[in-house]
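To start, the structure under review is shown below, and the notes come after it.
Basis for what follows: all heavy atoms, side chains included, without hydrogens, waters or symmetry-related copies.
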Amino acid sequence: MMSQVDLAREAAHLSRFIYNFRRWKDVSFPKPIYPLVHPAVLVETFEQGKCVSYYVDDLEGHERLKSALAHIGTHALLKMLLVDNFIHADMHPGNILVRVTQSKSSRKRIFKSKPHVVFLDVGMTAELTNNDRIILLEFFKAIARRDGQTVAECTLQLSKKQNCPNPEAFIKEVKESFDFWGTPEGDLVHPADCIEQLLEKVRHHRVNIDGNVCTVMVTTLVLEGWQRKLDPDYDVMHTLQTLLLKSDWAESLTYTIEGLMAP
């Protein structure tokens, strides 16, 4: 908590995110204004825009615009998580502004408008160790395959000091849930809901998960939550699964994401 209120640290986070997303035309961050930066003071550029919750809750219609926002948010998270290993860990709607520009070209008027996303408040970030990244990626792959045994085993490895009193019971319960989710009836359960129920089992069985890893998991769920409201047909977990289940995902991921989002 103390590191989050060090505003000089937050300014450094902003600079790092700005560099990481320097080629992206649809995502930006406020710029810290030096020398007006101090652990107790941070002056940033003013960013125009409306809170993304306006598009989630209030704006009727405009499905194309809402779907574009969902895609931008997903690919930004994937880049942070899988390419940069530097994740904005506080992606609730209040920290996300949207600017919409109208096309002046009559030829492009059919598209009408284009969203631009500005991420605010980067005081809380997460970085994973190489081992945690490998385990977390295997965790997401196992969810994609509805492999409960592997999901539970990966979860138990997400802490350096695991104090779960009965790992076997935890593995058995998670496997039973995923066996059900693999049936035609259970397949109707959304993958994000599967993770939420898994986290409830984590709490019940007192399974330890290191803070940074848990932060990434919760951030994914928060992002998925408002994206599902923007576009009910868009599945952030499916996008993640599609990328991770490719045999050459590590080699092609950067090219895929940058090709989708960069100018």
Side-chain angles (χ1 to χ4, degrees), residues 17-18 20-29 47-103 105 108-120 122 137 140-141 143-144 190-195 216-246 249-250 252-263:
F17 277 121
I18 289 167
N20 288 346
F21 284 85
R22 64 195 181 278
R23 296 184 59 236
W24 285 43
K25 58 185 177 180
D26 299 328
V27 173
S28 64
F29 297 79
E47 301 293 333
Q48 295 281 356
K50 288 186 178 179
C51 178
V52 74
S53 59
Y54 166 75
Y55 298 90
V56 173
D57 300 325
D58 299 331
L59 187 65
E60 295 295 332
H62 297 81
E63 279 72 20
R64 187 201 60 80
L65 177 63
K66 292 182 177 182
S67 178
L69 285 173
H71 280 73
I72 291 170
T74 298
H75 288 100
L77 176 65
L78 290 176
K79 175 174 166 55
M80 293 176 192
L81 176 62
L82 301 176
V83 178
D84 303 327
N85 189 25
F86 189 61
I87 303 111
H88 187 322
D90 201 12
M91 280 189 175
H92 63 79
N95 284 341
I96 300 168
L97 291 181
V98 177
R99 287 198 290 263
V100 178
T101 57
Q102 298 289 336
S103 174
S105 168
K108 294 181 179 179
R109 197 156 289 167
I110 189 173
F111 298 109
K112 294 184 180 178
S113 57
K114 190 171 187 180
H116 179 99
V117 174
V118 184
F119 290 104
L120 310 175
V122 298
L137 292 173
F140 281 125
K141 286 181 184 179
I143 288 178
H190 195 279
D193 295 329
C194 296
I195 296 182
V216 170
M217 294 170 71
V218 172
T219 296
T220 303
L221 287 175
V222 169
L223 184 72
E224 194 281 334
W226 61 260
Q227 286 183 323
R228 205 190 315 185
K229 290 182 179 179
L230 282 169
D231 185 353
D233 296 326
Y234 186 62
D235 186 346
V236 60
M237 293 303 300
H238 177 72
T239 301
L240 186 62
Q241 293 157 10
T242 301
L243 282 170
L244 293 181
L245 292 178
K246 289 182 179 178
W249 74 268
S252 65
L253 181 64
T254 303
Y255 175 79
T256 299
I257 292 178
E258 295 289 353
L260 282 168
M261 303 305 299

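Separating the CD atom in Gln48 from the NE2 atom in His116 is a distance of 12.5 Å, to the nearest 0.5 Å. With rounding to the nearest 0.5 angstrom, the CG atom of Leu81 is 6.5 Å from the CG atom of Leu137. With rounding to the nearest 0.5 Å, the separation of CG in Leu82 from CD1 in Ile87 is 8.5 Å. From Ser67, atom OG reaches atom CG of Leu230 across 9.0 Å, with rounding to the nearest 0.5 Å. Rounding to the nearest 0.5 Å gives a distance of 9.5 Å between CG of Asp231 and OG1 of Thr74.
In terms of the side chain to side chain donor-acceptor pair (under 3.5 Å) criterion, Thr219 has no residue partners (sequence neighbours excluded). Among residues two or more places apart in sequence or in another chain, the side chain to side chain contact (heavy atoms under 4.5 Å, CB included) test is passed with Lys229 by Val56.
Ring pair Phe29/Phe21: centre-to-centre distance below 6.0 Å.
No donor-acceptor pair closer than 3.5 Å links the side chain of His88 to the backbone N or O of Leu77.
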Could you walk me through whether Lys114 and Asp26 pass the side-chain contact (heavy atoms from CB on, under 4.5 Å) check?
CA-CA 9 Å; Lys114 190 171 187 180; Asp26 299 328; 3.8 Å; yes

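Applying the salt bridge (charged side-chain N to carboxylate O under 4.0 Å, His left out) test to residues at least two apart or on different chains, the pairs with a partner in residues 84-94 are Lys79-Asp84.
Taking each heavy atom of Cys51 and Pro93 in turn, the nearest pair found is SG-O, 3.2 Å. Across all non-hydrogen atoms, the minimal contact from Val27 to Ala76 is CG2-CB, 4.4 Å. Across all their heavy atoms, Arg99 and Ser28 have their closest contact at NH2-OG, 3.9 Å.
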